Amino acid sequence: MTTALCVLGFLQISVTVVLAQNDWGVTYTTQRICAYTGSTVEMSCSYTYPSGNVISTFWVSPDGFTDLTQFPAYSGRVTYRSDMINGNTVRITDLRVTDSAVYNFQFVTNLPGGKWTGKPGVALSVTDGPKNTTATLSPSGEIMEGSSVTLTCSSDANPPLDKYTWYKTNVTSPKASGQSYSFTKIRSEDTGEYYCEAENKCGRFNSSSVFVDVHYGPK
């Protein structure tokens, strides 16, 4: 049995998937990938065959028949790479929502009927990135030491954001989690810039920062 090695990776859920029959097969290390419009994704695979020589390899376009590099909708955005470490990799740049599809790897040998397509392949989901991700402060007026203050994170992300982590600028450790971060009795040392890191299944994104200026009397 001859084996060619490769890996799939970028914003992926890593689950090794082996699709083989009678020593013919393709192995994917993930089943699905989520990415945002305008970003770049790489997909790779490993394949096996019993004998003969491989004369061509390519990734199949969403129509199920065409070499992805020859499909008009991907013109200038697709490149292939083959090496011993990463195997056969396809790179798609400037992703669009319409690129959401299942991609299969195919190889052809010099044997009669020696062609194999690894199905069901890799499902790529491309969505628009978050818009207007902001952190807001309430109340918005003068903040006095000992008062109650709440920071809130919001975004137009799709899919919706499902995790929020709050940070203070120049402080490595997170301050809190959740869409809102409340100070029940704010202190002068809480003065500073704050932002939230918002996350969904496609990635993590930082909001704009908001400045918290705590006023206090003589000490």
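Sequential numbering from 1 along the given sequence is applied to the chain's residues. Keep in mind it's a predicted model, so treat the numbers as computed, not measured.
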Checklist line | N200 side chain reached by T127 side chain, heavy atoms, under 4.5 Å | finding: no
Margin query: When you measure from the side chain of T66 to the backbone of L68, do you find a donor-acceptor pair of N or O atoms at a distance under 3.5 Å?
Written below: no
Notebook entry, point to check: If you look at every heavy atom in W166 and G178, which pair is closest and at what distance?
Noted result: NE1-O, 2.9 Å
Next item on the list: Say whether, by atom type as modelled, one donor and one acceptor occur between the side chain of W24 and the main chain of P50 under 3.5 angstrom.
Entry: no
Next item on the list: Could you tell me whether the side chain of T191 reaches within less than 4.5 Å of the side chain of F211, counting heavy atoms only?
Entry: yes
Next item on the list: Output all residues satisfying side-chain contact (heavy atoms from CB on, under 4.5 Å) with S82, sequence neighbours left out; order by chain, then residue number.
Entry: N88
Check: Do any pairs count as a side chain to side chain donor-acceptor pair (under 3.5 Å) and have a residue in residues 100-114, sequence neighbours left out, and if so which ones?
Finding: Y74-Y103, Q106-T117
Notebook entry, point to check: Shortest non-hydrogen contact from G25 to W116?
Noted result: CA-NE1, 3.7 Å
Check: Atom OH in Y28, atom NZ in K119: separation rounded to 0.5 Å?
Finding: 10.0 Å
Next item on the list: Give me the other members of the hydrophobic cluster that M144 sits in, counting Ile, Leu, Val, Met, Phe, Trp and Tyr linked by side-chain heavy atoms under 4.5 Å, directly or via other members.
Entry: none
Next item on the list: State, to 0.1 Å, how close V122 and T30 come at their nearest heavy-atom pair, and which atoms those are.
Entry: CG2-O, 4.0 Å
Checklist line | Closest non-hydrogen atom pair, P120 against V102 | finding: O-CG1, 2.6 Å
Margin query: Would you say that L95 contacts T40 through its side chain, given a criterion of any heavy-atom pair below 4.5 Å between the two side chains?
Written below: no
Next item on the list: Please name all residues satisfying side-chain hydrogen bond (donor to acceptor under 3.5 Å, both in side chains) with T69, sequence neighbours left out, ordered by chain then number.
Entry: D67
Note to self: Using 0.5 Å steps for rounding, measure from the CG atom of L124 to the CD1 atom of I92.
What the structure shows: 6.0 Å
Check: Going only through I, L, V, M, F, W and Y residues with side-chain contacts under 4.5 Å, is there a path from V54 to V90?
Finding: yes
Next item on the list: Applying side-chain contact (heavy atoms from CB on, under 4.5 Å), name anything that partners F65, two or more places apart in sequence or on another chain.
Entry: D63
Next item on the list: Using the salt bridge (charged side-chain N to carboxylate O under 4.0 Å, His left out) rule, collect all pairs that involve residues 157-176, keeping only residues at least two apart or in two chains.
Entry: none
Next item on the list: Examine distances only and state if a side-chain atom of Y194 and a backbone atom of A135 form a donor-acceptor pair shorter than 3.5 Å.
Entry: no
Checklist line | Which atom of T93 lies closest to which atom of G76, heavy atoms considered | finding: OG1-O, 4.5 Å
Next item on the list: Report the C-alpha separation of V149 and S147 in whole Å, then their side-chain angles, then the decisive distance to 0.1 Å, and conclude whether the side-chain contact (heavy atoms from CB on, under 4.5 Å) test is met.
Entry: CA-CA 7 Å; V149 174; S147 63; 4.1 Å; yes
Note to self: Between L111 and S51, is the side-chain contact (heavy atoms from CB on, under 4.5 Å) condition met? List the steps.
What the structure shows: CA-CA 8 Å; L111 298 177; S51 60; 3.5 Å; yes
Notebook entry, point to check: Any side-chain heavy-atom pair from S207 and T134 closer than 4.5 angstrom?
Noted result: no
Margin query: Could you see if M43 belongs to whatever hydrophobic cluster contains Y80? Use Ile, Leu, Val, Met, Phe, Trp, Tyr and a side-chain cutoff under 4.5 Å.
Written below: yes
Item checked: Derivation and outcome, side-chain contact (heavy atoms from CB on, under 4.5 Å), residues S208 and V210 -> CA-CA 7 Å; S208 55; V210 60; over 6 Å; no
Next item on the list: Kindly say whether Y36 contributes a backbone atom to a donor-acceptor pair with the side chain of S39 at under 3.5 angstrom?
Entry: yes
Next item on the list: Can you measure from OG (S148) to CD1 (I143) and round to the nearest 0.5 angstrom?
Entry: 10.5 Å
Notebook entry, point to check: Would a 4.5 Å heavy-atom cut-off, applied to side chains only, mark H215 and E142 as touching?
Noted result: yes
Notebook entry, point to check: Could you give all pairs that pass the salt bridge (charged side-chain N to carboxylate O under 4.0 Å, His left out) test and reach residues 89-107, with sequence neighbours left out?
Noted result: E42-R91, R77-D99
Next item on the list: Apply the ring pair (Phe, Tyr, Trp, His ring centres under 6.0 Å) test between F107 and each candidate in F58, W59, Y47; give the one that qualifies.
Entry: Y47
Next item on the list: Could you tell me whether the side chain of V212 reaches within less than 4.5 Å of the side chain of L137, counting heavy atoms only?
Entry: yes
Next item on the list: Report the residues that fulfil salt bridge (Lys or Arg N to Asp or Glu O under 4.0 Å) with E199, sequence neighbours left out, ordered by chain and then residue number.
Entry: R204
Item checked: With sequence neighbours excluded, residues passing side-chain contact (heavy atoms from CB on, under 4.5 Å) with T37 -> V97, V126, D128
Notebook entry, point to check: Under a single-linkage rule joining Ile, Leu, Val, Met, Phe, Trp and Tyr whose side-chain heavy atoms are separated by less than 4.5 Å, which residues share a cluster with Y195?
Noted result: Y167
Notebook entry, point to check: Can you check side-chain contact (heavy atoms from CB on, under 4.5 Å) on T89 and T79, steps first, answer last?
Noted result: CA-CA 8 Å; T89 301; T79 55; over 6 Å; no
Under 3.5 Å, side-chain donor or acceptor atoms of residues 179-187 against the rest of the protein: list the pairs with distances, not counting sequence neighbours.
| from | atom 1 | to | atom 2 | distance (Å) |
| --- | --- | --- | --- | --- |
| Q179 | NE2 | C153 | O | 2.9 |
| S182 | OG | T150 | OG1 | 3.1 |

Margin query: Suppose clustering is done on Ile, Leu, Val, Met, Phe, Trp and Tyr with side-chain heavy atoms closer than 4.5 Å. Which residues sit in the same group as Y164?
Written below: L161
